[in-house]
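Worth knowing before you read on, the calculation uses all heavy atoms, side chains too, and leaves out hydrogens, waters and symmetry mates. Below, chain A is the first sequence line, B the second, and so on; all start at residue 1.
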Amino acid sequence: MKKSGEIKKMMLILSKATLDNVYACFILANGARMEGIESEIFFTFFGLEAIQKEKLDHLHVATVGNPAMHMPTLLGGLPGMEAVATKMMKSKMEKLDIPPVGEFLEILSASGTKIWACKLAMDMFDLTEKDLIDDLDGVLTVGGFYDRAEGEGTHVIFI
Amino acid sequence: MSEKTYAGVTVNCNDEGYLTDFAQWNKEVGAAIAKEEGIEMTDKHWEVINYLQEQHKNGVPLSIRKVGKSGVVNIKELYKLFPGGPLKKSTKIAGIPKPVSCI
């Protein structure tokens, strides 16, 4: 039986490059594909770091300004703190069979998730397509992204 | 819980149409479920189904990543073989429970 209000396409906008945000975005995009729902990700601002060849394998969790870390801000700011927290999170992820960022991007692309870079953010950070992963589907303006979101059953999520 | 008949065999299914007793499964039943899902089975399809059943028998939780690394099929092919939710559809055809994994 067809349900009303069926989700047909998820348009995700990733604007941050902390590991927790990147994984939230990737899991939503991949989960959509697994359910037979189309998905596309628009990487903008700091989110672009997640598709930069040189940077994507060195993303961190934020230990400062993140109350859910249950760590005093001063402590979180100590050198090495972010690295320790990141290492812990990555090992937990691996145990849950969640791939590292680079491999996750390959899985997404193979699964049919479209990967777009924001033109304005690329200009702002002086990036060219050469700096980004080979699986990139292209560079889009906001208008171009909205164009792709057209149609019934599309949802847009900002992360 | 409901009963359904595939290829002349009466099987027990859950609300989503997944077999609840693998002992009731055979290849003809699998092919009939596939047909219902709009999939015409080929040798490659059966290779994936055999792999999934093997993994399930060994109690290994299924994920797209694991199937992609299995050497049986890559992720792109898996999506092509079982369009519209590859693990969901393939496990249904294989007569094993729908995976609970998010990845």
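- Heavy atoms only, all atoms of each residue included: Met34(A) and Tyr79(B) are closest at N-OH, 3.6 Å.
- Between Asn30(A) atom CG and Ile64(B) atom CD1 the span is 6.5 Å, to the nearest 0.5 Å.
- Rounded to the nearest 0.5 Å, atoms CD1 (Ile75(B)) and CG (Leu108(A)) are 9.0 Å apart.
- In this structure, Asn74(B) CG and Glu106(A) CD are separated by 11.5 Å, a value rounded to the nearest 0.5 Å.
- Residues Arg65(B) and Pro100(A) approach most closely at NH2-CD, 3.7 Å, considering heavy atoms.
- Cluster annotation: Val84(A) is not connected to Leu78(A) through the hydrophobic network of ILVMFWY side chains, with a link wherever side-chain heavy atoms come within less than 4.5 Å.
- Considering only heavy atoms from C-beta on, Glu35(A) comes within 4.5 Å of Lys88(B) through its side chain.
- From Ser111(A), atom OG reaches atom NZ of Lys76(B) across 10.0 Å, with rounding to the nearest 0.5 Å.
- By the neighbour-count criterion of 12 heavy atoms within 6.0 Å, atom NZ of Lys87(A) is sparsely surrounded, having that number or fewer from other residues, nucleotides or ligands.
- The same ILVMFWY cluster, assembled from side-chain heavy atoms under 4.5 Å apart, contains both Ile157(A) and Phe43(A).
- Counted within 6.0 Å of CG on Asp15(B), heavy atoms from surrounding residues, nucleotides or ligands total 12 or fewer; the atom is thus considered open.
- For chain B, the nearby part of Glu103(A) is the side chain; its heavy atoms alone come within less than 4.5 Å.
- Residues Met11(A) and Leu48(A) are members of separate hydrophobic clusters, defined by side-chain heavy-atom contacts under 4.5 angstrom among Ile, Leu, Val, Met, Phe, Trp and Tyr.
- Linking Ile, Leu, Val, Met, Phe, Trp and Tyr residues whenever their side-chain heavy atoms come within less than 4.5 Å leaves Ile107(A) and Leu132(A) in two separate clusters.
- Contact annotation for Phe26(A): neither backbone nor side-chain heavy atoms come within less than 4.5 Å of a heavy atom of chain B.
- Here Lys69(B) is the residue among Lys69(B), Glu77(B), Lys89(B) with the most heavy-atom pairs under 4.5 Å with chain A.
- Annotation: maximal heavy-atom pairing with chain B below 4.5 Å, among Ser109(A), Pro99(A), Gly36(A), occurs at Pro99(A).
- Phe145(A) and Leu28(A) fall into different hydrophobic clusters, where Ile, Leu, Val, Met, Phe, Trp and Tyr are joined by side-chain heavy atoms under 4.5 Å apart, directly or via other members.
- Around CZ of Phe46(A), the count of heavy atoms belonging to other residues, nucleotides or ligands within 6.0 Å does not exceed 12.
- Interface remark: Leu96(A) contributes backbone atoms only to the contact with chain B (heavy atom separation under 4.5 Å).
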